[in-house]
Colleague: 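Below you will find the structure I want to go over with you.
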Amino acid sequence: MDARKVAEYITQKYYITNPKLQNVLYFIQAKYLLELNKPCFEQTMEARSTGIIVEDVFNEYKLYEGGLIPHDSDSIPDIGDSSLIDEVVKQCNKKSFAQLRDIITRQTPWKEAYNNGYQPEITLDSMKEYFQD
């Protein structure tokens, strides 16, 4: 699936900021890898000081900066079974952006990618290894 489609689903159903959305996508990807043994979306994630970025999604919503992304449609896109995504978003919404960032930046996949300045990509393999332990 395309991460932009996942993000559109989230932004039409929940009120969320772009920085928090980026970090929520990380946890969604982790949940899919852990429970379904496959990624939720195909785009790569990059380690940044703010947590992670999925560049396509970040660019789609960057005009909102840190403000809430408005619902711009009355319909929520159909992405199939959204139960895992809803579960992760609801859990993440209990935490602030700063709390999510702090959790991510203490985890090995983020540390390895962030400290490798030339290749800041958080790999699916590093996530699988970390979350399956």
Side-chain angles (χ1 to χ4, degrees):
M1 187 176 339
D2 190 301
R4 290 172 294 195
K5 184 96 169 164
V6 177
E8 181 185 9
Y9 170 82
I10 293 168
T11 61
Q12 291 305 309
K13 188 167 182 180
Y14 303 95
Y15 287 103
I16 193 166
T17 65
N18 192 14
K20 189 171 185 177
L21 173 63
Q22 301 302 309
N23 291 332
V24 168
L25 288 170
Y26 171 86
F27 289 107
I28 289 170
Q29 193 77 304
K31 185 79 164 174
Y32 267 68
L33 290 170
L34 189 61
E35 295 199 10
L36 302 177
N37 200 33
K38 67 177 188 177
C40 175
F41 52 86
E42 58 205 36
Q43 285 92 333
T44 59
M45 296 179 290
E46 292 183 9
R48 302 280 176 96
S49 60
T50 56
I52 71 104
I53 275 191
V54 178
E55 196 156 347
D56 290 348
V57 175
F58 179 80
N59 289 335
E60 183 95 11
Y61 298 105
K62 69 182 176 185
L63 70 121
Y64 301 110
E65 297 178 348
L68 291 176
I69 299 168
H71 300 288
D72 61 5
S73 172
D74 289 336
S75 64
I76 296 170
D78 181 12
I79 57 170
D81 183 3
S82 60
S83 59
L84 285 180
I85 293 170
D86 289 326
E87 181 182 332
V88 171
V89 174
K90 287 174 185 174
Q91 287 299 313
C92 288
N93 275 344
K94 295 176 184 176
K95 299 192 179 302
S96 69
F97 160 74
Q99 289 170 314
L100 293 176
R101 179 203 58 220
D102 291 348
I103 292 167
I104 291 170
T105 58
R106 287 193 294 258
Q107 295 179 345
T108 304
W110 182 89
K111 287 180 184 179
E112 288 175 352
Y114 191 73
N115 292 326
N116 184 4
Y118 296 108
Q119 290 287 0
E121 179 183 337
I122 297 174
T123 67
L124 297 178
D125 287 340
S126 71
M127 290 181 74
K128 283 181 192 176
E129 186 177 314
Y130 180 80
F131 286 103
Q132 288 178 345
D133 287 342

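For clarity, every value in this text was computed on a predicted model and none was experimentally measured.
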Colleague: Are there more than 12 heavy atoms of other residues, nucleotides or ligands under 6.0 Å from atom CD of Glu35?
Modeller: yes
Colleague: Between atom NZ of Lys111 and atom CZ of Arg106, what is the distance when rounded to the nearest 0.5 Å?
Modeller: 9.0 Å
Colleague: Nearest 0.5 Å, please: how far is OH in Tyr114 from CD in Glu46?
Modeller: 12.0 Å
Colleague: Tell me, do Lys128 and Asn37 make a side-chain contact under 4.5 Å, heavy atoms counted?
Modeller: yes
Colleague: With a 6.0 Å cut-off (strictly less than), is the heavy-atom count around NZ of Lys95, excluding the residue itself, greater than 12?
Modeller: no
Colleague: Is a donor from one side chain sitting under 3.5 angstrom from an acceptor on the other, for Thr123 and Asp125?
Modeller: no
Colleague: Is there side-chain contact between Glu8 and Glu60, with at least one heavy-atom pair below 4.5 Å?
Modeller: no
Colleague: What distance do Lys31 atom NZ and Tyr26 atom OH have between them, rounded to the nearest 0.5 Å?
Modeller: 14.0 Å
Colleague: Will you find, in the side chains of Asp86 and Tyr14, an N or O donor that is under 3.5 Å from an N or O acceptor?
Modeller: yes
Colleague: Check Lys5 against Pro77 and note the closest heavy-atom contact, atom names and distance.
Modeller: NZ-CB, 4.3 Å
Colleague: Give, for atom CD of Glu55 and atom CD of Gln22, the distance between the pair rounded to the nearest 0.5 Å.
Modeller: 9.5 Å
Colleague: Rounded to the nearest 0.5 Å, what separation is found between the CD1 atom of Ile10 and the CG atom of Leu25?
Modeller: 5.0 Å
Colleague: So if you build clusters from Ile, Leu, Val, Met, Phe, Trp, Tyr with side-chain heavy-atom gaps below 4.5 Å, do Leu100 and Ile69 land together?
Modeller: yes
Colleague: Less than 4.5 Å apart, side chain to side chain, heavy atoms only: is that true for Ile28 and Cys40?
Modeller: yes
Colleague: In Å and rounded to the nearest 0.5 Å, what is the CZ to CZ distance from Phe131 to Phe27?
Modeller: 6.0 Å
Colleague: Do the non-hydrogen side-chain atoms of Glu65 and Asn18 ever get within less than 4.5 Å of each other?
Modeller: no
Colleague: So which heavy atom on Ala47 is nearest to which on Ala113, and how close?
Modeller: CB-CB, 3.8 Å
Colleague: Hey, is the main chain of Ala7 close enough, under 3.5 Å, to the side chain of Thr11 for a donor-acceptor pair?
Modeller: yes
Colleague: Heavy atoms only: give me the nearest Asp78-Gly80 pair and the separation to one decimal.
Modeller: OD1-N, 2.9 Å
Colleague: Can any side-chain N or O of Gln43 pair as donor or acceptor with the backbone N or O of Ala3 at less than 3.5 Å?
Modeller: yes
Colleague: Please report the shortest heavy-atom distance between Tyr64 and Pro70, naming the atom on each side.
Modeller: CE2-CD, 3.3 Å
Colleague: List the atom of Pro109, the atom of Ile122, and the distance in Å for their closest heavy-atom pair.
Modeller: CB-CG2, 3.8 Å
Colleague: For Glu42, does the CD atom have more than 12 heavy-atom neighbours from other residues, nucleotides or ligands under 6.0 Å away?
Modeller: yes
Colleague: Determine, using the 4.5 Å side-chain heavy-atom cutoff (strictly less than), whether Met1 and Leu34 are members of one ILVMFWY cluster.
Modeller: yes
Colleague: Main chain of Ser73, side chain of Gln12: is a donor-acceptor contact present, judged purely on distance under 3.5 Å?
Modeller: yes
